[in-house]
Amino acid sequence: YPGCAYPGIVSISYCWKTRMHPDPSGELGRKIATYLHWYAAQRAMWTRERLCKYSDAAGHTWSTEYDFDWEFLVLVDFWALYQNPRSEEESKSFSSAQNVMHQWYGHRGTMVFMVTEVPDEWTEDDSFDDRGGYVNRGWPVFECAVANLCKPRGMCLDMAGFGEMLDCAQVWGKEQAGMENFGWRAGQLTGMFCGALLDNLRQLAMDDYGGLVTERSCLFWLVDATQQPLRSPASMEALLQSKSFAESGDLALCAAMYGQALALTF
């Protein structure tokens with residue numbers, strides 16, 4: 001969909017709780033589900049508004065129920081790739097998929113959610129391994145780096161600020177409505193909060209969407225993780241050497257994919 005501010009692919013960047021399973025108790029999954037619920041509401045509102053505008057301009061009558069696919073794809077490596085134990089065919093599939101992971105995180109047409117905060121229960125649990133959190137893990141650091149090569153602002157989000165921003169939006173929404181117990185849906189909430197801050201954000205927006213970008217949810221600008229410093233392949237490899245990988249060969253793979261992504265971008 002041309003200029004879509006809410007792409008149909010969301011790639012999740014996160015760290016695993018243990019070497020064998022990323023989320024044995026489902027705590028991380030519940031956090032991610034909250035993010036996706038918000039995204040689905042925002043995507044539906046944005047596309048409905050644009051379809052109405054485009055249909056009027058073109059003189060056509062659109063039926064949003066049938067003319068647009070409201071669903072979107074979510075990439076979580078644990079679900080998308082075969083895990084151990086793997087058969088020979090499954091191992092081939094796993095390797096093929098792993099060798100192109102940079103495309104899922106680096107492509108301009110994908111949204112990346114960086115889940116940089118682990119659930120509180122993890123740090124209190126002895127089963128949380130000693131490799132540290134998001135910034136100490138090789139794969140998440142690699143995913144964040146490739147996501148910053150060519151994406152427009154607002155296409156790579158650090159979800160650590162998500163809860164705080166929704167809380168602020170909820171307070172603002174209740175004040176505007178004059179109702180203490182009013183129930184706000186996540187999409188409506190951030191949409192109204194966006195309207196309150198839109199004038200200030202216009203000065204910061206990078207117009208990558210032909211003038212439409214300034215109408216996106218303000219949450220994108222408040223947790224935006226793009227526009228980080230660009231690294232050379234050698235610098236990236238040195239950084240990855242200081243991070244933790246579950247498999248010894250993954251460091252070289254990530255370094256090579258970063259170089260490929262950089263070459264494709266520039």
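Because only heavy atoms are used, hydrogens play no part in the values below, and waters and symmetry mates are left out as well, while side chains stay in. All residue numbers in this chain count up from 1 along the given sequence.
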Worksheet item: Hey, quick one: are Phe266 and Val146 part of the same hydrophobic cluster, counting side-chain heavy atoms closer than 4.5 Å, chains of contacts allowed?
Response: yes

Practice prompt. State, without any angle test, whether Asn136 and Ser244 hold a side-chain donor-acceptor pair at a distance under 3.5 Å.
Written response: no

Worksheet item: Has Phe94 got more than 12 heavy atoms of other residues, nucleotides or ligands less than 6.0 Å from its CZ?
Response: yes

Worksheet item: Does Arg231 make a cation-pi contact with Tyr258, if we ask for NZ or CZ under 6.0 Å from the ring centre and within 45° of the axis?
Response: no

Worksheet item: Any luck finding a side-chain donor-acceptor pair between Thr110 and Lys151 under 3.5 Å?
Response: yes

Practice prompt. Indicate whether the side chain of Glu89 and that of Ser87 have a donor and an acceptor atom separated by less than 3.5 Å.
Written response: no

Discussion item. Over 60° means perpendicular and under 30° means parallel, so tell me whether Trp38 and Tyr6 are parallel, tilted or perpendicular.
Written reply: perpendicular

Worksheet item: Mind checking whether Met20 and Phe245 sit in one hydrophobic cluster, side chains of I, L, V, M, F, W, Y counted as touching below 4.5 Å?
Response: no

Discussion item. Between Asp158 and Glu117, is the side chain to side chain contact (heavy atoms under 4.5 Å, CB included) condition met? List the steps.
Written reply: CA-CA 9 Å; Asp158 183 349; Glu117 283 189 343; over 6 Å; no

Item to complete: Determine the minimum heavy-atom distance between Ser93 and Tyr82, stating which atoms define it.
Response: OG-CE1, 3.6 Å

Worksheet item: Taking atom types as modelled and ignoring hydrogens, do the side chains of Tyr14 and Thr116 form a donor-acceptor contact shorter than 3.5 angstrom?
Response: no

Worksheet item: More than 12 non-hydrogen atoms from neighbouring residues, nucleotides or ligands closer than 6.0 Å to CD on Gln83, yes or no?
Response: yes

